[in-house]
Undergrad: 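Right, I'll just put the structure down here and ask away after.
For clarity, every value in this text was computed on a predicted model and none was experimentally measured. One-based numbering, in listed order, for ligands and for the atoms of each.
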Amino acid sequence: MPANHSDSNSTIVETRPINSLLIANRGEIACRIIRTAKRLGIRTIAIYSNADADAMHVHAADVAVCVGEALPAASYLNIAAVIDAAKQTGADAIHPGYGFLSENPEFVEACSEQNITFVGPDASAMRSMGLKDAAKALMEEAGVPVVPGFHGDNQDPEFLSRKADDIGYPVLIKARAGGGGKGMRKVDKPEEFVAMLEAAQREGGASFGDSTVLIEKYIEQPRHIEVQVFGDRHGRCVHLFERDCSLQRRHQKVIEEAPAPGMSDEVRRAMTDAAIRTAESINYVGAGTVEFIVDASGPLRTDGFWFMEMNTRLQVEHPVTEAITGFDLVEWQLMVAAGLPLPVKQADIKINGHSVEARLYAEDVEAGFLPATGTLHRFKLGDGGRIDTGVMQGDVVQPFYDPMLAKLISHASNRDDAFRRLQRMLKSSVVMGATTNRAFLAELCAHSGVRAGHVHTGLIETGMELTSKPDNQSVRISLDPTLALAAVVSANLSESQSESGVDPVDQHATVFSRLGLWQMWGVPGRHVELLVNQALLTMQVERRSSTQWRVTLESSDESDESLCLQLDSLDKLASGTPMGVDGRLVSAVGFIIGDSIYCLVDQNEARFNRPATEHADNADGAGDNVIAPMPGRIIAVNCAAGDSVSKGDVLITLEAMKMEHNLIASEDAEIQSIAVQIDDQVEQGMRLINFVDSTTT
Ligand code: ADP
């Protein structure tokens with residue numbers, strides 16, 4: 001595209017070509033930036049931590065430099081190490097991606113001191129938007145609507161409480177330095193105000209070193225709509241329309257789309273004008289996003305949206321904007337950073353169709369979206385759209401970083417088709433070895449409210465009856481083909497073990513190579529026990545012929561269920577083979593890793609544990625110890641060996657996925673030993689505290 005200088009202002013802008021680029025990030029965003037840089041003929045340099053030595057982004061780049069230990073503070077957040085890597089490799093420029101150092105003005109200054117181009121805005125623009133209260137004050141001056149509330153200096157509790165009365169309940173208290181939903185408290189009535197204020201201040205102080213808060217009117221069931229803006233050093237600032245990111249859990253985005261459903265030309269004009277005013281008021285250069293909270297109680301209105309914050313970087317969800325506009329935003333970032341003008345004028349940017357993105361996370365939806373780890377024994381994402389990922393089959397999901405595995409992005413001429421396509425991509429994706437939100441995302445894509453465009457930020461948490469949500473008490477577990485297949489796999493594992501006397505086998509094929517005894521048994525078969533949602537299931541597996549298996553799930557109320565499986569070859573099961581289920585042909589995969597059995601039948605994957613091993617995964621433990629319910633970092637240890645603790649005491653605080661989780665004593669006990677200290681990274685299932693066994697004292 002030829003650069004158009006005709007409407008640029010008179011300042012002479014120095015151009016600094018970028019021939020080599022260091023990407024100060026990891027995962028999908030590092031891979032995505034490398035892709036564009038390579039297309040533009042730029043030499044790419046990856047950085048990595050010890051835990052990432054074999055990661056996809058390291059292999060994707062031309063050169064890679066290790067910058068430190070696994071914990072982000074020691075590597076991806078270590079300014080000196082990142083700058084050193086850039087100098088060592090002769091990088092002209094650094095792209096920070098999102099997260100990590102992307103919004104750190106000191107990093108921008110460190111780059112400029114070394115004469116390295118930072119691909120992003122100036123440090124001053126970052127600082128203007130860094131604190132929520134100062135940003136809101138600035139926006140009021142620029143004539144951008146802000147959420148009604150108080151964002152002044154006076155932090156006296158009585159004064160703030162009077163302000164909350166003036167604003168009108170419910171109100172939202174926000175730590176001004178907050179991020180990722182931290183330091184935020186909703187208050188419904190005046191009596192609760194002071195306690196909530198103290199909690200928000202404490203969290204702000206502990207997490208961001210700043211306990212100053214602001215108070216906002218709490219908008220009921222709002223939508224989150226943001227505008228992509230782009231400025232260059234030639235005085236041009238354009239927008240690339242809006243994205244709707246209202247589908248959130250724990251104030252974090254799950255599915256994003258562009259354009260926003262129900263958006264009128266008039267409201268779009270008002271919102272994009274406000275976003276441009278925001279960017280221009282701080283002479284913004286590069287890619288930025290202006291986030292608005294929007295009243296979703298009726299149709300969108302020109303007076304029904306308010307500035308929330310501006311993110312001074314590339315967003316996770318930028319691909320939906322790329323899909324509908326046809327532009328590569330990373331290419332634009334590199335052009336602007338090199339001092340070139342934006343390649344197009346506002347009038348050249350048009351909306352083409354509709355795009356939706358889903359964030360595939362390693363997380364346990366049923367356990368309240370807790371992050372998960374694991375090895376990706378099978379990882380194949382569905383066709384039909386764009387996939388941005390940073391992991392491959394065989395990779396281990398690291399506990400140190402954000403557990404997002406991939407972004408799946410669909411694009412179609414209309415919204416309904418875009419959701420349908422995304423749903424198909426999700427349904428045909430296979431991830432085995434780590435629990436993911438894949439099925440939940442597919443369900444969300446089909447949700448009637450979502451499809452009708454009735455999205456709001458509380459939809460997932462309050463407005464959704466998830467069919468995938470288990471209810472251990474009332475839902476009776478039924479025999480489905482994955483469970484039946486697991487029973488067959490388990491029966492054969494037990495057989496080959498008892499025959500050879502070896503430990504559980506950890507390769508796939510060998511398990512099935514010694515089937516001699518089955519032939520001798522004939523019909524009655526073997527009993528198999530498997531754990532599903534902590535319920536122990538007993539099944540009977542009969543081998544009826546060389547290719548036919550009958551699995552019966554035993555039930556206490558005499559309503560046994562059976563399924564007949566037809567499998568030509570058990571040896572091929574590990575890599576995938578057709579299977580008959582009561583005469584219907586499906587595709588099946590089944591294998592054993594350690595003591596877990598992984599099965600996939602059509603698009604349904606499941607993991608089953610053999611009973612002997614389940615106790616190690618049991619988050620609640622047996623009462624004589626405290627076990628990490630998820631991978632995370634220890635941020636507080638409130639007890640010591642020899643202490644007596646009472647039921648309900650908070651013993652340890654674990655930070656996982658930007659959230660704090662308190663581990664609480666389930667009964668009165670005496671502590672024998674503590675296996676961890678502050679800052680330790682722990683794996684799910686790790687024993688953190690041992691109690692003195694009360695039965696022996
Ligand atoms: P953070 O910087 O911690 O992400 P934000 O200010 O961006 O915090 O808000 C995050 C989310 O919290 C929003 O997307 C929205 O869902 C909710 N939220 C923020 N402000 C309000 C408000 N005034 N009323 C209701 N919900 C809000």
Side-chain angles (χ1 to χ4, degrees), residues 98-99 102-104 126 128-140 144-151 163-164 166-188 196 199-201 203-208 210-227 242-257 260 271 275 278 288-297 304-313 315-317 359 369 402 455-463 655 657-660:
Y98 54 71
S102 62
E103 289 179 284
N104 184 328
M126 273 184 194
S128 318
M129 290 297 167
L131 293 175
K132 292 183 201 290
D133 54 354
K136 278 182 83 173
L138 203 66
M139 288 310 103
E140 273 181 327
V144 175
V146 300
V147 187
F150 172 76
H151 47 263
K163 283 288 166 196
D166 294 346
I167 295 163
Y169 283 87
V171 297
L172 191 65
I173 307 177
K174 286 185 182 178
R176 70 166 175 181
K182 253 192 195 174
M184 247 170 19
R185 288 289 186 284
K186 179 186 174 207
V187 195
D188 292 311
M196 292 297 194
Q201 286 172 328
E203 214 165 278
S207 305
F208 312 103
D210 185 345
S211 59
T212 311
V213 299
L214 54 149
I215 301 171
E216 280 181 1
K217 174 82 195 149
Y218 183 83
I219 317 277
E220 304 276 3
Q221 297 211 333
R223 281 169 70 174
H224 172 126
I225 300 179
E226 57 186 34
V227 176
E242 78 282 355
R243 294 182 285 259
D244 191 307
C245 312
S246 301
L247 293 173
Q248 306 182 347
R249 52 107 179 79
R250 296 179 160 193
H251 298 305
Q252 294 185 8
K253 300 161 187 169
V254 178
I255 285 187
E256 303 101 337
E257 60 182 303
M271 290 187 80
T278 302
T289 294
V290 183
E291 296 188 335
F292 296 102
I293 191 159
V294 178
D295 181 1
S297 61
F305 67 89
W306 303 275
F307 170 87
M308 230 176 356
E309 65 176 357
M310 178 169 184
N311 291 322
T312 52
R313 55 169 161 82
Q315 298 273 100
V316 176
E317 59 273 21
R359 300 188 186 190
F369 302 99
D402 186 86
V455 292
H456 61 86
T457 62
L459 186 138
I460 289 175
E461 266 130 16
T462 59
E655 186 188 62
M657 207 179 160
K658 306 179 197 164
M659 302 288 289
E660 292 177 11

Undergrad: Check each atom of ligand 1 against the heavy atoms of E216 and keep those under 4.0 Å away; list them by number with element.
TA: 20 (N), 22 (C), 23 (N)
Undergrad: Look at atom 16 (O) of ligand 1 and find which of H224, Q248, M308, Q252 reaches it with the closest heavy atom.
TA: Q248
Undergrad: Could you list the residues that satisfy salt bridge (Lys or Arg N to Asp or Glu O under 4.0 Å) with K163, not counting sequence neighbours?
TA: none
Undergrad: Main chain of S246, side chain of T457: is a donor-acceptor contact present, judged purely on distance under 3.5 Å?
TA: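 Side chain of T457 to backbone of S246: no pair is present.
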Undergrad: Considering only heavy atoms of E291, which atoms of ligand 1 have at least one such atom less than 4.0 Å away?
TA: 7 (O)
Undergrad: Which residue and atom name correspond to the protein heavy atom nearest atom 27 (C) of ligand 1, and how close is it?
TA: I293 CD1, 3.2 Å
Undergrad: Salt bridge or not between K174 and E309? Use side-chain N to carboxylate O under 4.0 Å.
TA: no
Undergrad: What part of K186, side chain, backbone, both or neither, has a heavy atom within less than 4.0 angstrom of ligand 1?
TA: neither
Undergrad: Looking only at protein heavy atoms, which one is nearest to atom 10 (C) of ligand 1, and how far off is it?
TA: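 That would be M184 CE, 4.2 Å.
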Undergrad: Among protein heavy atoms, which lies nearest atom 3 (O) of ligand 1, and at what distance?
TA: G181 N, 2.6 Å
Undergrad: Can you list everything that forms a ring-ring contact (aromatic ring centres under 6.0 Å, His included) with F150? Sequence neighbours excluded, please.
TA: F159
Undergrad: Just to check, does K217 reach to within less than 4.0 Å of ligand 1 when the distance is taken from its heavy atoms?
TA: yes
Undergrad: Which heavy atom of G288 sits nearest a heavy atom of M310, and at what distance?
TA: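 Heavy-atom minimum between the residues: CA-CE, 4.2 Å.
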Undergrad: Any atom of ligand 1 sitting under 4.0 Å from a heavy atom of K174?
TA: yes
Undergrad: Would you say E103's side chain and M126's backbone share a donor-acceptor pair under 3.5 angstrom?
TA: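 Not at all, since once roles are kept as given, no pair shorter than 3.5 Å links the two residues.
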Undergrad: Among protein heavy atoms, which sits nearest to atom 4 (O) of ligand 1, and what does the distance come to when rounded to 0.1 Å?
TA: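 The closest heavy atom on the protein side is G180 N, 3.5 Å.
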Undergrad: What I want to find out is whether K253 reaches E291 closely enough, with some N-O distance under 4.0 Å, to be called a salt bridge.
TA: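 Salt bridge flag = yes for E291 with K253.
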Undergrad: Report yes or no: does K132 have a heavy atom closer than 4.0 Å to ligand 1?
TA: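 Yes.
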Undergrad: For G178, counting its heavy atoms only, list the atoms of ligand 1 lying under 4.0 Å from any of them.
TA: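 Listed by number with element: 2 (O).
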Undergrad: Distance alone, cut at 3.5 Å: any donor-acceptor contact between the side chains of Q315 and R313?
TA: yes
Undergrad: Just heavy atoms, cut-off under 4.0 Å: does T457 contact ligand 1 by side chain, backbone, both, or neither?
TA: side chain
Undergrad: Name the closest protein heavy atom to atom 17 (C) of ligand 1, giving the residue it belongs to and the distance to 0.1 Å.
TA: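 Heavy-atom neighbour on the protein nearest atom 17 (C) of ligand 1: H251 ND1, 3.7 Å.
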Undergrad: Tell me: protein heavy atom nearest atom 7 (O) of ligand 1, and distance?
TA: E309 OE2, 3.0 Å
Undergrad: So, regarding I219 and ligand 1 (criterion: nitrogen or oxygen to nitrogen or oxygen, under 3.5 Å), is there a contact or not?
TA: yes
Undergrad: Enumerate the atoms of ligand 1 whose separation from the nearest heavy atom of G179 is less than 4.0 angstrom.
TA: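 Those qualifying, in numeric order: 1 (P), 2 (O), 3 (O).
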Undergrad: Looking at K132, K136, H151, which hits side-chain hydrogen bond (donor to acceptor under 3.5 Å, both in side chains) with E216?
TA: K136
Undergrad: What's the separation between atom CZ in R185 and atom CG in L172, rounded to the nearest 0.5 Å?
TA: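 These two atoms lie 10.0 Å from each other.
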Undergrad: Backbone N or O of E317 within a donor-acceptor pair of the E256 side chain at under 3.5 Å?
TA: no
